[in-house]
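Take a look at the structure set out below.
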Amino acid sequence: AGGIVVFVHIPKTGGITIRNFFERLVEKDHSRFRKIVVSNYREWESWRWRMNKFSRGGARGKVIFFELHGGGDSLNYFSDARSEIHRWRENALSQN
(Lines give C-alpha, C1' and ligand atoms only; values in the text may rest on other atoms or scores of the structure.)
Protein backbone atom coordinates (compact mmCIF):
# COMPACT_ATOMS: atom_id res chain seq x y z
CA ALA A 1 0.00 0.00 0.00
CA GLY A 2 1.21 3.48 -0.78
CA GLY A 3 0.50 6.85 0.68
CA ILE A 4 1.62 10.40 1.21
CA VAL A 5 3.57 11.53 4.25
CA VAL A 6 3.27 15.31 4.56
CA PHE A 7 6.06 16.87 6.59
CA VAL A 8 6.03 20.57 7.44
CA HIS A 9 9.68 21.41 7.99
CA ILE A 10 10.13 24.38 10.30
CA PRO A 11 13.79 25.47 10.23
CA LYS A 12 15.90 24.77 13.32
CA THR A 13 13.56 22.08 14.74
CA GLY A 14 15.41 18.89 13.76
CA GLY A 15 13.75 18.50 10.38
CA ILE A 16 16.96 17.53 8.61
CA THR A 17 17.05 14.35 10.70
CA ILE A 18 13.58 13.40 9.46
CA ARG A 19 14.46 14.31 5.87
CA ASN A 20 17.66 12.22 6.05
CA PHE A 21 15.68 9.21 7.29
CA PHE A 22 13.41 9.36 4.24
CA GLU A 23 16.37 9.97 1.92
CA ARG A 24 17.88 6.70 3.14
CA LEU A 25 14.60 4.89 2.39
CA VAL A 26 14.55 6.35 -1.13
CA GLU A 27 18.17 5.30 -1.69
CA LYS A 28 17.40 1.73 -0.57
CA ASP A 29 14.26 1.28 -2.66
CA HIS A 30 13.44 3.76 -5.44
CA SER A 31 10.52 1.60 -6.52
CA ARG A 32 8.63 2.11 -3.23
CA PHE A 33 9.68 5.54 -1.96
CA ARG A 34 9.83 9.03 -3.42
CA LYS A 35 10.87 12.31 -1.80
CA ILE A 36 9.60 15.72 -2.88
CA VAL A 37 10.74 18.96 -1.24
CA VAL A 38 8.84 22.20 -1.80
CA SER A 39 10.45 25.38 -0.53
CA ASN A 40 8.74 28.22 -2.37
CA TYR A 41 5.41 29.16 -3.95
CA ARG A 42 6.52 28.35 -7.51
CA GLU A 43 7.50 24.81 -6.50
CA TRP A 44 4.23 24.45 -4.57
CA GLU A 45 2.23 25.40 -7.67
CA SER A 46 4.23 22.92 -9.72
CA TRP A 47 3.57 20.01 -7.36
CA ARG A 48 0.09 20.58 -5.94
CA TRP A 49 -1.80 19.15 -8.92
CA ARG A 50 0.45 16.11 -9.20
CA MET A 51 0.00 15.45 -5.49
CA ASN A 52 -3.76 15.67 -5.96
CA LYS A 53 -3.44 12.93 -8.59
CA PHE A 54 -1.26 10.84 -6.28
CA SER A 55 -3.85 11.16 -3.51
CA ARG A 56 -6.48 9.66 -5.83
CA GLY A 57 -4.45 6.49 -6.34
CA GLY A 58 -1.84 7.75 -8.79
CA ALA A 59 1.05 6.90 -6.49
CA ARG A 60 0.64 3.24 -7.46
CA GLY A 61 1.84 1.76 -4.19
CA LYS A 62 4.64 4.24 -3.55
CA VAL A 63 5.13 6.07 -0.30
CA ILE A 64 5.67 9.74 -1.12
CA PHE A 65 7.47 11.90 1.42
CA PHE A 66 6.23 15.42 0.68
CA GLU A 67 8.16 18.09 2.55
CA LEU A 68 6.88 21.64 2.81
CA HIS A 69 9.95 23.58 3.84
CA GLY A 70 9.43 26.67 5.96
CA GLY A 71 11.29 29.91 5.58
CA GLY A 72 11.42 32.36 2.71
CA ASP A 73 8.00 32.81 1.13
CA SER A 74 6.56 29.70 2.82
CA LEU A 75 3.77 31.69 4.43
CA ASN A 76 2.53 32.42 0.92
CA TYR A 77 1.78 28.74 0.30
CA PHE A 78 1.30 27.23 3.78
CA SER A 79 -2.28 28.46 4.09
CA ASP A 80 -2.99 27.27 0.55
CA ALA A 81 -1.34 23.93 1.31
CA ARG A 82 -3.52 23.35 4.34
CA SER A 83 -6.73 23.14 2.31
CA GLU A 84 -5.06 21.01 -0.37
CA ILE A 85 -3.73 18.56 2.20
CA HIS A 86 -7.24 18.15 3.58
CA ARG A 87 -8.43 17.42 0.03
CA TRP A 88 -5.66 14.84 -0.45
CA ARG A 89 -6.72 13.15 2.78
CA GLU A 90 -10.35 12.98 1.66
CA ASN A 91 -9.24 11.58 -1.72
CA ALA A 92 -7.12 8.93 -0.02
CA LEU A 93 -9.90 7.95 2.39
CA SER A 94 -12.32 7.50 -0.50
CA GLN A 95 -9.87 5.01 -2.07
CA ASN A 96 -9.84 2.74 0.99
Side-chain angles (χ1 to χ4, degrees):
I4 300 171
V5 176
V6 177
F7 171 54
V8 178
H9 183 166
I10 307 300
K12 306 299 181 198
T13 60
I16 295 294
T17 302
I18 295 169
R19 180 192 292 173
N20 289 343
F21 172 77
F22 273 90
E23 284 177 347
R24 285 192 298 274
L25 290 176
V26 171
E27 289 170 6
K28 286 182 180 180
D29 191 349
H30 288 283
S31 67
R32 289 197 51 225
F33 299 99
R34 181 170 185 180
K35 179 181 70 89
I36 300 164
V37 178
V38 170
S39 58
N40 61 52
Y41 192 79
R42 183 176 46 84
E43 291 171 357
W44 163 250
E45 283 296 314
S46 171
W47 278 103
R48 69 189 292 184
W49 306 114
R50 286 181 266 185
M51 293 303 293
N52 200 18
K53 179 182 173 186
F54 291 154
S55 73
R56 292 190 314 267
R60 297 189 179 103
K62 283 192 177 197
V63 175
I64 299 171
F65 177 72
F66 189 75
E67 177 182 335
L68 295 169
H69 194 278
D73 70 348
S74 62
L75 291 178
N76 291 333
Y77 68 87
F78 273 9
S79 61
D80 194 27
R82 183 173 181 230
S83 62
E84 283 292 323
I85 291 166
H86 285 286
R87 184 174 301 124
W88 300 343
R89 182 172 190 261
E90 292 301 317
N91 288 343
L93 289 172
S94 72
Q95 301 295 315
N96 295 319

Q | In one Ile/Leu/Val/Met/Phe/Trp/Tyr side-chain cluster, 4.5 Å: V37, I85 | A | no
Q: Compare every heavy atom of N40 with every heavy atom of R42, then report the nearest pair and how far apart it is.
A: N-OD1, 3.1 Å
Q. How long is the span from the CG atom in L68 to the CD1 atom in I10, to the nearest 0.5 Å?
A. 9.0 Å
Q.
Quick check on the hydrophobic clustering: are I16 and V26 connected, directly or via other members, by side-chain heavy-atom contacts under 4.5 Å?
A. no
Q. Taking only residues at least two apart or on different chains, which pairs with a member in residues 11-40 satisfy ring pair (Phe, Tyr, Trp, His ring centres under 6.0 Å)?
A. F22-F65
Q.
To the closest 0.5 Å, what do you measure between NZ (K53) and CH2 (W49)?
A. 14.5 Å
Q: Show the numbers, then the answer: is there a side-chain contact (heavy atoms from CB on, under 4.5 Å) between M51 and I64?
A: CA-CA 9 Å; M51 293 303 293; I64 299 171; 3.9 Å; yes
Q: Check P11 against H69 and note the closest heavy-atom contact, atom names and distance.
A: CG-CE1, 4.1 Å
Q | Within the 6.0 Å centroid threshold, strictly below: F66 and W88 | A | yes
Q: Applying side chain to side chain contact (heavy atoms under 4.5 Å, CB included), name anything that partners R87, two or more places apart in sequence or on another chain.
A: N52, E84, N91
Q) Heavy-atom count around R82 CZ within 6.0 Å, excluding the residue itself: above 12? A) no
Q. With sequence neighbours left out, which residue pairs that include part of residues 2-20 fulfil the salt bridge (Lys or Arg N to Asp or Glu O under 4.0 Å) condition?
A. R19-E67
**Q.** Partner residues of R56 under the side chain to side chain donor-acceptor pair (under 3.5 Å) criterion, sequence neighbours left out
**A.** none
**Q.** R32 side, atom CZ; L25 side, atom CG - distance, nearest 0.5 Å
**A.** 8.5 Å
Q. What residues form a salt bridge (charged side-chain N to carboxylate O under 4.0 Å, His left out) with E23, not counting sequence neighbours?
A. K35
Q | Partner residues of W44 under the side chain to side chain donor-acceptor pair (under 3.5 Å) criterion, sequence neighbours left out | A | D80
